[in-house]
Amino acid sequence: MALYLYNTLSRRKTEFVPRVGNHVAMYVCGPNLYGPAHIGHALSYIIFDTLKRYLKFRGYDVKHVQNFTDIEDRIIETARKENTTIQALAEKYIARFLSEMDSLNIRRADVYPRATEAIPTIIKMTQGLIEKGMAYELDGDVYFRVRADEDYGKLSHRSLDEMEAGARVAVDERKNDPMDFALWKASKSGEPAWDSPWGPGRPGWHIECSAMNLEQHGPQIDIHGGGQDVLFPHHENEIAQSESYTGKEFAHYWVHNALLHLPGQEKMTRHLGGLIYIPDALSRHSSDAIRAFILGTHYRSPLAWTEDGVDAAERGLDKLRAAVKDAVAPGPEANDALSESAAQAREKFITMMDDDLNTAGALGALYDLAREINRARGEGSSPAQLAAAQATLLELADVLGLTLREPTHAVSADESAKIDALVAERNALRAAKKYKEADGVRAQLTEMGIEIADSAQGTTWKKTK
RNA sequence: GGCGACGUGGCCAAGUGGCUAAGGCAAGGCUCUGCAAAAGCCUGAUCGUGGGUUCAAUUCCCACCGUCGCCUCCA
């Protein structure tokens, strides 16, 4: 068994084999820092987080690099509008981004390089490309010469002639070819600028990722990821620059996630509006529910975000949570039938994930196992007997970034004491068979957002809102 | 116009050339419970339409209808 990933470059699923031993060099395109992230970003980063978790689960050693684009037209524009600096803007949104990703249980990358910290490498690469005849200077700008790159278009699978035929881009007459793109842009007055052989300027959009990859990973990487929207031109240009500069194959696997949208609308993206921000989503749903909702669809299929859909995922998680709620440390005691179920679930989980990250199928394996655990408990298995299977369920859930913890709702000490008193009162009434009065107390608790459950072990309660 | 993807039970969504077409939500019935809640059990689909290939297709091919993505900035 081996992991197969769909590679955009070959348009096929191929077996994943790292270039060097079990070391995986992975680079995922990070956000442009001119505004806050939205749940479309969350989708992409949840998927690549899951890929990373799975690679680690499979025994690979992963170096995950994710950039921050902190210099770009939009950022300059936004900084000017908000009367601030690009640095301040970047700092603000980086802090927000990282904390939002944390709250979605997305593990941090190993390195977060920033474009502005890669300027010397960007200049070195640009210079190198000019020397090779792959780029040319024009009034302080430097453009990549797409016609000099014989396989330009190989990633997005289109030819220059096709693209130019249907071009919607305003043509800059000075350029050699309409598709030539900027590696370096001369700065206008008042714009951030760095000294360069071509005068004061700043990097183009695509070269930063090539430079940061070179700095962090070297000339060749295993996995390059991002949303399908950055496939062209961003990744196409990246591959062109990097390979023209190094003369080597750049990324071995290109992985692109499909995009998120709202029902009946186009993709969620910042320049179209119609965004749902991460704190808003988290105020209504647990991070587990958001992840389960997203991972319930294959990453290469577009997904419509609906509140009902996430709610359904939340309710589904209750079944998984119930399965592990009384988990104790696994010991020698085990339920053989259950151990068999756990082994089957693990096998199914791996089979699914090996097949190009079939997270929906993997989730199915989790539900199968949860059902067996809940059934075994119902049939009288002790916590000790359930423990090993529960450990498996928690381990596999964690690969998907699911904690299976009850969503927490803060309860003050005062409130807690009051609830305990009411629960005790109700139980006294029940013991006296005064059920009508007991139900009255329960209604009172429900009113407070408290859900109670009676069992042989006593009455438990939880706050649900 | 070019390239590409998708259309599976009420909703979401895996999947396979022939073996019971996963799983979740919702609905109905049942078990448990004083009643509930939770959990468990049971109940439903011939896979957009029309052709073709094949002993056999939901699964391959073609056409059509519908939805969507990229071709400018975008995860």
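Within every chain, numbering begins at 1; the chains are lettered A, B, ... in the order of the sequence lines, protein sequences first and strands thereafter. These figures come from a predicted structure and were not determined experimentally.
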Original post:
How long is the line joining OH of A/Y299 and C1' of B/C12, in whole Å?
Top reply: 21 Å
Subject >> Rounded distance in Å between the C1' positions of B/U53 and B/C60 >> reply: 8 Å
Subject >> Whole-Å C1' distance, B/C32 and B/C42 >> reply: 15 Å
**OP:** Measure from NE2 on A/H298 to P on B/G7 and round the result to the nearest Å.
**Re:** 12 Å
Original post:
Can you list the residues that meet the salt bridge (Lys or Arg N to Asp or Glu O under 4.0 Å) rule with A/D222, with sequence neighbours excluded?
Top reply: none
**OP:** Answer yes or no on whether A/R11 is positioned over the face of A/Y6, meaning its NZ or CZ is under 6.0 Å from the six-membered ring centre and within 45° of the axis.
**Re:** no
**OP:** Select from A/S44 and A/D355 the residue whose nearest nucleotide in RNA chain B is closer to the 5' end of that strand.
**Re:** A/D355
**OP:** Taking atom types as modelled, find out whether A/E236 and A/S156 have a side-chain donor-acceptor pair closer than 3.5 angstrom.
**Re:** yes
Original post:
What is the ring orientation for A/H217 with A/Y27, classed by angle as parallel under 30°, tilted 30 to 60°, or perpendicular over 60°?
Top reply: perpendicular
Subject >> C1' gap between B/U46 and B/C71, integer Å >> reply: 39 Å
Subject >> Nucleotide opposite B/C47 in a Watson-Crick or G-U pair, distances under 3.5 Å >> reply: none
**OP:** Measure centre to centre between the rings of A/Y4 and A/F16, then say whether the value is under 6.0 Å.
**Re:** no
Original post:
Between A/H41 and A/Y45, how do the two ring planes meet: parallel, tilted or perpendicular, split at 30° and 60°?
Top reply: parallel
**OP:** May I ask you to say what A/R270 touches in the nucleic acid, namely base, sugar-phosphate or nothing, with a heavy-atom cut-off under 4.0 Å?
**Re:** sugar-phosphate
Subject >> Spacing between A/F293 atom CZ and B/C11 atom P, to the nearest angstrom >> reply: 16 Å
**OP:** Classify the nucleic acid contact of A/F48 as base, sugar-phosphate or nothing, counting any heavy atom under 4.0 Å across all strands shown.
**Re:** nothing
Subject >> Sole residue of A/Y277, A/Y34, A/F68 in ring-ring contact (aromatic ring centres under 6.0 Å, His included) with A/F97 >> reply: A/F68
**OP:** Please state the P separation for the pair B/A26 and B/U58 - nearest whole angstrom.
**Re:** 32 Å
Original post:
How far, in whole Å, is B/U16 from B/U72 if one measures between their P atoms?
Top reply: 35 Å
Original post:
Between B/G69 atom P and A/M268 atom CE, what is the distance in whole Å?
Top reply: 13 Å
Subject >> C1' gap between B/U49 and B/U8, integer Å >> reply: 15 Å
Original post:
Can you give one letter per nucleotide of nucleotides 20-39 of chain B, 5' to 3': B if a protein heavy atom sits under 4.0 Å from the base, S if only from the sugar-phosphate, - if neither?
Top reply: --BSSSS-------BBBB-S
**OP:** In whole angstrom, give the distance that lies between atom CE of A/M179 and atom P of B/G2.
**Re:** 18 Å
**OP:** Name the pairing partner of B/G69, where a pair is Watson-Crick or G-U wobble with both distances under 3.5 Å, or state none.
**Re:** B/C3
**OP:** Could you measure between the two C1' atoms, the one in B/A45 and the one in B/C68, and give it in whole Å?
**Re:** 25 Å
Original post:
At under 4.0 Å between heavy atoms, what does A/I47 touch on the DNA or RNA strands: base, sugar-phosphate, or nothing?
Top reply: nothing
**OP:** Decide if the gap between the ring center of A/W184 and the ring center of A/Y143 is smaller than 6.0 angstrom.
**Re:** no
Original post:
Is A/R74 side chain donor-acceptor paired with the B/C73 base, going by distance under 3.5 Å alone?
Top reply: yes
Original post:
Rounding to the closest angstrom, what is the interatomic distance between B/G15 and B/G7 at atom C1'?
Top reply: 15 Å
Subject >> Identity of whatever pairs with B/A57 - Watson-Crick or G-U, under 3.5 angstrom >> reply: none
Original post:
What about the rings of A/H235 and A/H256, do their centers lie closer together than 6.0 Å?
Top reply: yes
Original post:
Salt bridge between A/D49 and A/R53, side-chain N to carboxylate O under 4.0 Å?
Top reply: yes
Original post:
Between A/A292 and A/L402, what is the shortest heavy-atom contact and its length?
Top reply: N-CD2, 4.0 Å
Using atom names, set out every protein N or O paired with an N or O of nucleotides 43-47 of chain B below 3.5 Å, distance rounded to 0.1 Å.
none

Original post:
Using 4.0 Å as the upper bound for N to carboxylate O, is an ion pair formed by A/K175 and A/D141?
Top reply: no
**OP:** Using salt bridge (Lys or Arg N to Asp or Glu O under 4.0 Å) as the criterion, point out the one residue from A/D454, A/D439, A/D420 that pairs with A/R426.
**Re:** A/D454
Subject >> Rounded distance (Å) that lies between atom C1' of B/A75 and atom NE2 of A/H271 >> reply: 12 Å
Original post:
Charged N to carboxylate O below 4.0 Å: is that the case for A/R147 and A/D161?
Top reply: yes
Original post:
For RNA chain B, which residues in residues 224-242 of chain A have a heavy atom at a distance below 4.0 Å?
Top reply: A/G226, A/G227, A/D229, A/V230, A/F232, A/P233
Output one line per pair: protein atom, nucleotide atom from nucleotides 65-68 of chain B, and distance, for all N/O pairs under 3.5 Å.
none

Original post:
Under 4.0 angstrom, heavy atoms only, what part of the nucleic acid is A/L366 near: base, sugar-phosphate, or nothing?
Top reply: nothing
Original post:
In whole Å, what is the span from the CZ atom of A/F97 to the C1' atom of B/A75?
Top reply: 9 Å
**OP:** State yes or no: are the ring centers of A/H206 and A/F181 separated by less than 6.0 Å?
**Re:** yes
Original post:
Which residue pairs pass the salt bridge (Lys or Arg N to Asp or Glu O under 4.0 Å) test with at least one member in residues 351-363 of chain A, sequence neighbours excluded?
Top reply: A/K13-A/D355, A/R58-A/D354, A/R300-A/D356
**OP:** Just name whichever nucleotide pairs with B/G10, Watson-Crick or G-U, keeping both distances under 3.5 Å, else none.
**Re:** B/C25
Original post:
So what's B/G17 paired with, Watson-Crick or G-U wobble, going by both distances under 3.5 Å?
Top reply: none
Original post:
For the pair made of NE2 in A/H256 and P in B/A5, what is the distance, rounded to whole Å?
Top reply: 15 Å
Original post:
Who is the Watson-Crick or G-U wobble partner of B/G34, with both distances under 3.5 Å?
Top reply: none
